[in-house]
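All chains are named by letter (A, B, ...) in the order of the sequence lines, taking the proteins before the strands, and each is independently numbered beginning at 1.
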There are 2 protein chains.
Amino acid sequence: MSKFFEILYVPFKPITKKLETCPKCSTQTFVIQAGMIRGKVRFHCKTCDYHFTQEHPEKASPQKQVHTTIKDIANIMGVSIATVSRALNNKSDISPKTRDAIQKLALELDYNPNLFAKGFQRGETKTIGVVIPNIKRPFFAGVLSGIQEVANEHGYRVMICQSNESYETEVTNIQGLLASHVDGLLISHSKETTCFNQIKNLFEKGLPMVHFDRICTEVETPKIRQEDFEGAYQLVEHLIQQGYQRIAILAGPPELLISQKRKEGYISALEKHGLPVKSEYMVHGDFSKEFALASVDAWQQLPEPPDAIFAIHYLNAVEIIQYSKELGIEIPKQIGIVGFGDEYLAEIVDPALTVFHLFPQKVGEVAASLLFDVISKKHVSQQEDVLVQGQLIIRKSSLKKA
Amino acid sequence: MSKFFEILYVPFKPITKKLETCPKCSTQTFVIQAGMIRGKVRFHCKTCDYHFTQEHPEKASPQKQVHTTIKDIANIMGVSIATVSRALNNKSDISPKTRDAIQKLALELDYNPNLFAKGFQRGETKTIGVVIPNIKRPFFAGVLSGIQEVANEHGYRVMICQSNESYETEVTNIQGLLASHVDGLLISHSKETTCFNQIKNLFEKGLPMVHFDRICTEVETPKIRQEDFEGAYQLVEHLIQQGYQRIAILAGPPELLISQKRKEGYISALEKHGLPVKSEYMVHGDFSKEFALASVDAWQQLPEPPDAIFAIHYLNAVEIIQYSKELGIEIPKQIGIVGFGDEYLAEIVDPALTVFHLFPQKVGEVAASLLFDVISKKHVSQQEDVLVQGQLIIRKSSLKKA
DNA sequence: ACACCTATCGGTAACGTTTACGAAGACTTT
DNA sequence: AAAGTCTTCGTAAACGTTACCGATAGGTGT
């Protein structure tokens, strides 16, 4: 019956324009159409001179709540949000009874404060940014680990970016970190980076920054130095003491400070012991395996090939060891090999590699500590460089005498 | 003269209480002291019944501006902040002339939006959290690299936490990431973790999550699986084909799914080829070097020592190779060794290690992609597991026939 | 009974951004 | 010229939290 009725009954649709009621003066007279706006029909009440659009009745948006807020707690407890905030932050001006009750409820609702809102309100984010060339390199992984540890102790979070040795990516990364309003920056530049206008700008704006490893000398930030000169000196001196006479160096890109410093240490050790510094023994590469092996080939073509190789990057040293074995060159008898940076690899390779270990974790810890000093304005001196000591680890690859 | 006057003239200091003026009704009568509050003297005007404290005249705080805001731009341009927002976001309802002018100015002031404020307003942070046991492990470093790459493509930032294989730290980390209101979570559990209430809770609350590597089966999150079973099967089958008969397995903690899966693959391969599955050849350790070497010792004491070892962790495999050489056991002649996970180390160690490579970077990329699918609600099926394929890489350590 | 005091609570601005919606014109059609 | 149209801009609310300040109740001392 009702079905029948439904079929027969066709609601009357008025063709004449429906009269709109002004929401302000509640009159239907003198309400005229006044164009379209954002897809909706617009009206104008001439009585009270008011523009309005048609209401959308379906406005119920049942957004499910993911996070508990202090407002929720305040509503349940029947107190103000200010009281809840005081209770949760153990501030004064609150009775122990109320405080405990609120804290208990917060625990039950597993409330945790929106750090973004908090940081937003206080103008700090409790986050630091780290820019490194590559996470996968064990050295930087170690540094990161150290940074994380210290940051956690200080209640800070860490945001990591990889430049992949690209200047452009580095600039983008820093821009991104800046947009995230990090409280401070830890930087190790890409090997491409030669223009430091961006960080110079940021430094002048007062953004706390600390450089490590791939340092920039153009800006007076605190820097974490490693024993690049000292380590190179010790390595080369050790080679000389083992009886090696013609020591070659495989350095990195000449722009990199670590290349320069390590080369200086190399030269200094040679001069100290009265050995000639020959340009044909000094090569600048790009840390690639191809370049390392090509350098070995080139050296072998010399009338006086070197009897020891100092590769400033441990990976190159390992690659040279492998390659030398292929060529039938005996290590350390015919040629001695040393490198920078101690990874597990140096111990495993046969013969084991003599290295100068840099303690990456320590570098990270020191860098982060220094950054937090800058952030909390603890240290007064603008530029404060810290030297992280390394250690000479002697293994078979350089023991000619043994 | 004036100096003289100054010396002689001592201003009259009234001993009687200074009359305070009510800031509301501007009268001095009936203004009485009304206790102390927050270290300041409080007054009460009885005329208008108003409480007030003494004003602090020095209120000028010349806070130096570090970041440019849209309000700054709006003030300079003489427009409203809404207009600036529209201009910078290329929204409609703005004239090209105004838009270009604003964008030009923004560029000059090198404005970048406060992502915290933006995320705060939109309820999203464009940040994902990653929880891993240890950054320094090459596998996780590779995964991170992959995650970063995909995250960058999606315009997301990454926040990384290390659990250091501690359940407690893991819980704290996740809590911290949650407080940072990350939009999603990528988790690889610590080997201690056996209680999953926390993430179960979060999953039910609707927080996008993806598991990888160290998976949790109790929660129906999407998971990135690796070819643990398949890889183990292939490795062991390869050993059998090389003529090894008594194959031992050095597994990890029995709770870990990768331990179980790889062991299953090991057993399956043995059974398939009609070899006996002996309990004395199956050991669960903690991935430590000490345990690995002790296991080798124990196996050597058996009446029938194994002639091949499958270490599910490549580092243990490398350690066993070194140890075997010390013991004078010839590889691969007397004993064959294979492992999981290909790092540079496996290639360098002598003899080079046969491994099943897991492509960590790929794992990271897939995990991140899947997470962004969940975040953008693209995928419909609740649980969607993805298998990242590995590859068997055969090297000397298992080539008995050669 | 009044001045004075303390403890505890509420109201609200502010942080930077986006967005819904109204206002104010200029222009076009009846 | 009134009605309708479109473009462009401003206003204000909202997000979660903290901090400043005032309000109130209940004291103590004179």
Side-chain angles (χ1 to χ4, degrees), chain A residues 23-24 30 32-38 40-44 46 49-53 55-56 59 63 67-74 77-89 91-99 111-124 179 181, chain B residues 23-24 32-38 40-44 46 49-53 55-56 59 67-74 77-89 91-99 111-124 179 181:
Chain A
K24 252 192 178 168
F30 300 113
I32 58 176
Q33 211 164 332
M36 300 278 287
I37 189 163
R38 278 172 288 269
K40 289 199 279 187
V41 183
R42 193 173 183 230
F43 298 93
H44 183 213
K46 294 184 69 183
D49 189 33
Y50 181 64
H51 288 270
F52 62 95
T53 58
E55 295 290 326
H56 252 287
K59 271 281 184 178
Q63 284 280 6
H67 292 280
T68 313
T69 70
I70 55 171
K71 191 187 270 182
D72 298 329
I73 300 178
M77 290 287 295
V79 296
S80 76
I81 56 169
T83 306
V84 176
S85 176
R86 275 190 293 259
L88 296 176
N89 293 29
K91 288 287 177 70
S92 57
D93 280 13
I94 186 141
S95 74
K97 208 178 69 181
T98 315
R99 169 163 40 83
Y111 162 84
N112 45 18
N114 186 335
L115 292 185
F116 278 81
K118 185 184 288 192
F120 176 48
Q121 201 269 341
R122 314 239 305 224
E124 61 179 24
H181 278 217
Chain B
K24 251 190 180 171
I32 58 176
Q33 212 163 332
M36 300 278 287
I37 189 163
R38 280 173 288 269
K40 288 199 281 188
V41 183
R42 195 177 181 227
F43 297 94
H44 182 214
K46 293 184 70 182
D49 189 31
Y50 180 65
H51 287 271
F52 61 94
T53 58
E55 296 288 326
H56 252 286
K59 271 281 182 179
H67 293 280
T68 315
T69 70
I70 54 171
K71 191 187 269 181
D72 298 328
I73 300 178
M77 291 285 297
V79 296
S80 76
I81 56 169
T83 306
V84 177
S85 176
R86 275 191 292 260
L88 295 176
N89 293 32
K91 287 287 175 70
S92 58
D93 281 14
I94 187 148
S95 74
K97 206 178 71 180
T98 315
R99 169 162 40 80
Y111 162 84
N112 45 19
N114 185 336
L115 293 185
F116 277 83
K118 185 184 287 192
F120 176 49
Q121 201 269 340
R122 313 244 299 230
E124 61 180 25
H181 278 218

Taking N or O atoms only and anything under 3.5 Å, show me the protein contacts with nucleotides 11-14 of chain D, one pair per line.
none

Figure out the [atom1]/[atom2] separation between [X] and [N], and round it to whole Å.
X	N	atom1	atom2	answer
A:K91	D:dC21	NZ	P	14 Å
A:I32	D:dA2	CD1	C1'	8 Å
A:H44	D:dG4	NE2	C1'	12 Å
B:D49	D:dG22	CG	P	13 Å
B:I94	D:dC9	CD1	C1'	8 Å
A:N89	D:dG16	CG	P	17 Å

Worksheet entry | Angle between terminal axes - the helix from C:dA1-D:dT30 to C:dT30-D:dA1, 5 pairs each end, rounded to 10° | 60°
Discussion item. For B:D93 and B:A117, find the nucleotide of DNA chain D closest to each by heavy atoms; which residue's nucleotide sits nearer the 5' end?
Written reply: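 Per heavy-atom nearest nucleotide, the more 5' residue is B:D93.
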Worksheet item: Taking atom types as modelled, is there a side-chain donor on A:D49 or A:H44 under 3.5 Å from an acceptor on the other?
Response: yes
Worksheet item: What residues, two or more places apart in sequence or in another chain, satisfy ring pair (Phe, Tyr, Trp, His ring centres under 6.0 Å) together with B:Y111?
Response: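 Not a single residue meets the ring pair (Phe, Tyr, Trp, His ring centres under 6.0 Å) criterion with B:Y111.
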Fill in: Aromatic ring pairing A:F120/B:F120, orientation class (parallel under 30°, perpendicular over 60°, tilted between)
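Judged by the thresholds at 30° and 60°, the geometry between A:F120 and B:F120 is tilted.
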Item to complete: Return no unless some side-chain N or O of A:K97 is found under 4.0 Å from OP1 or OP2 of C:dT8.
Response: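 Looking at the OP1 and OP2 atoms of C:dT8, neither is under 4.0 Å from any side-chain N or O of A:K97.
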Worksheet item: Does a side-chain heavy-atom distance below 4.5 Å link B:Q33 with B:R42?
Response: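 B:Q33 does not reach B:R42 side chain to side chain.
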Discussion item. Need one value for B:S85: base, sugar-phosphate or nothing, where a base atom within 4.0 Å counts as base even if backbone is also close, heavy atoms only.
Written reply: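 Result for B:S85 = base.
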Worksheet item: How would you list, by chain and number, every residue that makes a side-chain hydrogen bond (donor to acceptor under 3.5 Å, both in side chains) with B:N112, sequence neighbours excluded?
Response: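 Listed in chain order: nothing, the list is empty.
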Discussion item. Please enumerate all residues that pass side-chain hydrogen bond (donor to acceptor under 3.5 Å, both in side chains) together with B:S85, with sequence neighbours excluded.
Written reply: none
Worksheet item: If you pin B:A34 and B:F120 to their nearest nucleotides in DNA chain C, which one's is more 5'?
Response: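 The residue whose closest nucleotide sits nearer the 5' end is B:A34.
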Fill in: Per-nucleotide protein contact string for nucleotides 25-30 of chain C (B base, S sugar-phosphate only, - none; heavy atom under 4.0 Å)
------
